[in-house]
Amino acid sequence: METVTVQITIDIDKELGLVTEGLLPAFKLIEDSLGVSISFRGDKIFIQGQKASVGKVEELIGELRKVNRQGYVLRGDDIKEAVRARSAAGGNGHETPLEELFTGHIEVPSRKRLIIPKTDAQRQYIEAIRTYDMVFGIGPAGTGKTYLAMAVAVSCLLKKEVNRIVLARPAVEAGERLGFLPGDIAEKVNPYLRPLYDALFDMMEAEKAMRLIEKGVIEVAPLAFMRGRTLNDAFVILDEAQNTTSEQMKMYLTRLGFNSKTVITGDVTQIDLPYGRVSGLIEAERVLKGIKDIKVVYFTEHDVVRHKLVQEILKAYERHEKRKTKA
């Protein structure tokens, strides 16, 4: 294979907008992903490696320049996630131009400033939430289903597009028996709702979030508390929907009121319902098929943005399930 060296003249601070501490880790990941060697000398970047790989790096840097010209200040972590997602795609059609990913950002008052979709499915998911009043996000853990829905919800609240956020989750134990938990009803259900609080506190300062919770502007509640309610002017998120029963899912879907949105997220490979109970998420996916104003977005292991091992674990379990089915 032909090995080449390419020189690119670039003002890294102005044209890529990267701070120094984020620069080296981002380019180290590019080196590892594409099998090239990258070095810096003043305003020049030297890329050495096989011709095809060097060409991909040139293309990537060109895309980063284009994104920066549009006013998006990139961080090393943003580029690392984008490169990781592109590497996971493996050239199999899942690659998305960085410009499309970064222009789908969500503005929230968090330390991150901008929350940026890392994969094409995440970008489609954000667009769907903004466009449709009811969206299902179905896929494995670590694909950002709940996190991105929460980000859009907080953004809508701050823009006064809705008056409140309601976060719901079925109180189902994940294959464990915790027994009788101490405390009042709020303390008993709090462990089940902790993941929703974690995502919320990542979007805004904990003190501000708690004030909004105390005022009822943000409500975090078990799914059972939704019965009998009509939710108007609200952004409602149902998390871990694979653990709803058919009856619970029907009840939830009919709570939606005027000027409201709902996002239902779940992973149909991790159902914790008692044996023999039908998952409300699986049934709803089948029953609601064909309703044009409802959007379903599917995620795969290519969209996982956690530790790279998570993708490998998901693939391994998928192979294991296929072997069990054939046996």
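Owing to the predicted nature of the structure, the values given are computational and were not obtained by experimental measurement.
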### Message
Measuring only between side-chain heavy atoms, which start at C-beta, is V152 closer than 4.5 Å to L148?
### Response
no
### Query
Any donor and acceptor pair, going by atom type alone, linking the side chain of Q242 with main-chain N or O of I271 inside 3.5 Å?
no
### Message
Go through it in stages, so that I can follow the logic: the residues are L288 and L253, the test is side-chain contact (heavy atoms from CB on, under 4.5 Å), and I'd like the CA-CA distance, side-chain angles, deciding distance and then a yes or no.
### Response
CA-CA 11 Å; L288 303 178; L253 294 176; 3.7 Å; yes
### Summary
E283 meets the side chain to side chain donor-acceptor pair (under 3.5 Å) criterion, sequence neighbours left out, with S246
#### Entry: Interatomic spacing from CZ in F201 to CD in E207 - rounded to 0.5 Å
10.5 Å
### Query
So, R123 side chain and T119 main chain: donor-acceptor pair closer than 3.5 Å or not?
no
### Message
Just by distance, no angles: are the side chains of D303 and T143 close enough, under 3.5 Å, to form a donor-acceptor pair?
### Response
no
### Task
Just do the side-chain contact (heavy atoms from CB on, under 4.5 Å) check on V57 and E31 with the steps written out, would you?
CA-CA 9 Å; V57 178; E31 287 182 319; over 6 Å; no
### Query
What is the minimum heavy-atom distance between E301 and P140, and which atoms define it?
N-CG, 4.1 Å
#### Entry: Residues in side chain to side chain donor-acceptor pair (under 3.5 Å) contact with E58, at least two apart in sequence or another chain
none
### Query
Would you say Q50 and L34 make side-chain contact, with heavy atoms under 4.5 Å?
no
#### Entry: Residues that N232 engages under side chain to side chain donor-acceptor pair (under 3.5 Å), provided they are two or more places apart
none
### Summary
Here the side chain to side chain donor-acceptor pair (under 3.5 Å) pairs for residues 211-224, sequence neighbours left out, are E219-R229
### Task
Measure the CD1-CG distance between I165 and L157 for me, rounded to the nearest 0.5 Å.
4.5 Å
### Task
Could you pull out all residues at least two apart from Y317 that satisfy side-chain contact (heavy atoms from CB on, under 4.5 Å)?
I313
### Query
Any salt bridge (Lys or Arg N to Asp or Glu O under 4.0 Å) pairs touching residues 231-242, not counting sequence neighbours?
R169-D239, R169-E240
#### Entry: Ionic contact status for E285 with K289, cut-off 4.0 Å
no
### Smallest separation among heavy atoms of Q270 and A141, with atom names
NE2-CB, 4.2 Å
### Summary
CE (M251) and CZ (R227) are apart, to the nearest 0.5 Å, by 4.5 Å
### Set of side-chain contact (heavy atoms from CB on, under 4.5 Å) partners for K295, sequence neighbours left out
A128, Y132, V135, V297
### Query
Do M204 and L212 touch side chain to side chain, with heavy atoms closer than 4.5 Å?
yes
### Pair M150-D202, side-chain contact (heavy atoms from CB on, under 4.5 Å): steps then yes or no
CA-CA 10 Å; M150 185 77 75; D202 206 34; over 6 Å; no
### Residues which pass side-chain contact (heavy atoms from CB on, under 4.5 Å) with R41, listed by chain and number, not counting sequence neighbours
F46
## Note on the structure
Taken in chain and number order and not counting sequence neighbours, the residues that satisfy ring-ring contact (aromatic ring centres under 6.0 Å, His included) with Y252 are none
### Message
Quick one, M249 and L238 - any side-chain contact, counting heavy atoms below 4.5 Å?
### Response
yes
## Note on the structure
Sequence neighbours excluded, the answer for side chain to side chain donor-acceptor pair (under 3.5 Å) partners of Q124 is D120
### Message
I'd like to know if Y298 and V287 are part of one continuous hydrophobic network [Ile/Leu/Val/Met/Phe/Trp/Tyr, side-chain heavy atoms within less than 4.5 Å].
### Response
yes
### Message
With heavy-atom distances below 4.5 Å as the criterion, would you say the side chains of I138 and D267 are in contact?
### Response
no
## Note on the structure
Smallest heavy-atom separation, T244 atom then P170 atom, equals CG2-CG, 4.1 Å
### Message
Suppose we screen for side-chain contact (heavy atoms from CB on, under 4.5 Å). Which residues come up paired with L256, at least two apart in sequence or across chains?
### Response
M134, S260, T262
### Query
When rounded to the nearest 0.5 angstrom, what distance separates OH in Y125 from OG1 in T265?
5.5 Å
### Query
Within a strict 4.5 Å, meaning less than it, do heavy atoms of the F235 and I129 side chains meet?
yes
### Any donor-acceptor pair under 3.5 Å from Q248 side chain to T245 backbone
yes
### Query
How many angstroms lie between CG in D272 and OG in S279, if you round to the nearest 0.5 Å?
10.5 Å
### Query
Under a 4.5 Å cut-off applied to non-hydrogen side-chain atoms, are I213 and L200 in contact?
yes
### Task
Calculate, to the nearest 0.5 Å, the distance between atoms NZ and CD1 belonging to K208 and I218 respectively.
9.0 Å
### Task
Answer with yes or no whether the hydrophobic clustering places I47 together with F40; edges join I, L, V, M, F, W, Y residues whose side-chain heavy atoms lie under 4.5 Å apart.
yes
### Query
Linking I/L/V/M/F/W/Y whenever any side-chain heavy atoms sit under 4.5 Å apart, do V162 and V217 land together?
yes
### Task
Flag yes if I291 and V296 sit in one hydrophobic cluster, no otherwise; membership is Ile, Leu, Val, Met, Phe, Trp, Tyr, and two members link when side-chain heavy atoms are under 4.5 Å apart.
yes
### Full working for side-chain contact (heavy atoms from CB on, under 4.5 Å) between L60 and K56
CA-CA 6 Å; L60 179 62; K56 289 182 180 179; over 6 Å; no
### Task
Name all residues meeting the salt bridge (Lys or Arg N to Asp or Glu O under 4.0 Å) criterion together with R277; count only those two or more places apart in sequence or in a different chain, and write none if there are none.
E247
### Side-chain heavy-atom pair D133, D293 within 4.5 angstrom cut-off
no
### Same apolar cluster: L158 and L167, side chain cutoff 4.5 Å
yes
### Message
I'd like to know if the side chain of T131 and the backbone of E127 have a donor-acceptor N/O pair within less than 3.5 Å.
### Response
yes
